[in-house]
Structures are given as C-alpha cells and as structure tokens.
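Read through the structure below, which is laid out as structure tokens, and then see the notes.
In this chain, numbering begins with 1 at the start of the sequence shown.
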Amino acid sequence: MSEKIDNLILEHLKTFQAGQNRIESELKEIKHRVSNLEVGVAAVRRDVAHFSTEHATQYISIDRINERIERIEKRLEIAY
C-alpha cells in the first residue's frame with residue numbers, strides 16, 4: 001500500500017514539475033517579447049523626438065523669414 005502511495009505522489013510531483021517547466025518556458029517567451037516591445041518603443045520615442053526637433057527648427061526658420069519679409073516691407077514702405 002505504501003508503495004502505491006509513493007508512486008502516486010511521485011506521479012503528482014512529475015505533473016507539477018512539467019507544469020512548472022511549461023510556465024517557466026512561457027515566462028521566458030513573455031520576457032523576450034516585452035524586451036522587443038521596449039526596444040520598439042525606444043525607437044519610436046527617438047523618432048518622435050527627432051521629428052519634434054525638426055518641426056521646431058522649421059518654425060524658427062519660418063519666423064526668421066517672416067521677420068525678414070516684414071523688415072523688407074518696411075524699407076520698401078509696402079503696406080502689409
């Protein structure tokens with residue numbers, strides 16, 4: 001009787017170990033996928049920051065051009 005109980009416990013332990021191995025494998029996959037997402041988000045942030053910087057630079061250039069046009073119009077006494 002004791003041997004049957006030992007075998008039953010052993011079978012349950014094997015089942016638990018297999019489940020734990022499966023969970024560990026899935027956790028590794030999830031960690032890998034999250035790492036890939038983090039890399040992708042970082043790349044998007046760099047692109048957005050770069051785009052924002054270019055956008056701001058364009059506005060500064062446009063403002064300078066507008067100032068120059070206003071000075072030219074004043075010198076030429078052109079109504080604006």
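- In this structure, Gln20 CD and Leu13 CG are separated by 11.0 Å, a value rounded to the nearest 0.5 Å.
- Listed by chain and residue number, Gln17, Glu24 satisfy the side-chain contact (heavy atoms from CB on, under 4.5 Å) test with Asn21 (two or more places apart in sequence, or in another chain).
- Between His32 atom NE2 and Ile30 atom CD1 the span is 12.5 Å, to the nearest 0.5 Å.
- Annotation: the span from Ile5 atom CD1 to Leu10 atom CG amounts to 13.5 Å, rounded to 0.5 Å.
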Is there a salt bridge (Lys or Arg N to Asp or Glu O under 4.0 Å) between Arg22 and Glu26? Walk through the geometry before answering. CA-CA 6 Å; Arg22 183 183 49 80; Glu26 289 176 3; 3.4 Å; yes
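- The stretch residues 33-59 participates, sequence neighbours left out, in these ring pair (Phe, Tyr, Trp, His ring centres under 6.0 Å) pairs: Phe51-His55, His55-Tyr59.
- Counting heavy atoms from C-beta on, the side chains of Ser35 and Val39 never come closer than 4.5 Å.
- Once rounded to the nearest 0.5 Å, the distance linking CD of Gln58 with CD1 of Ile65 reads 10.5 Å.
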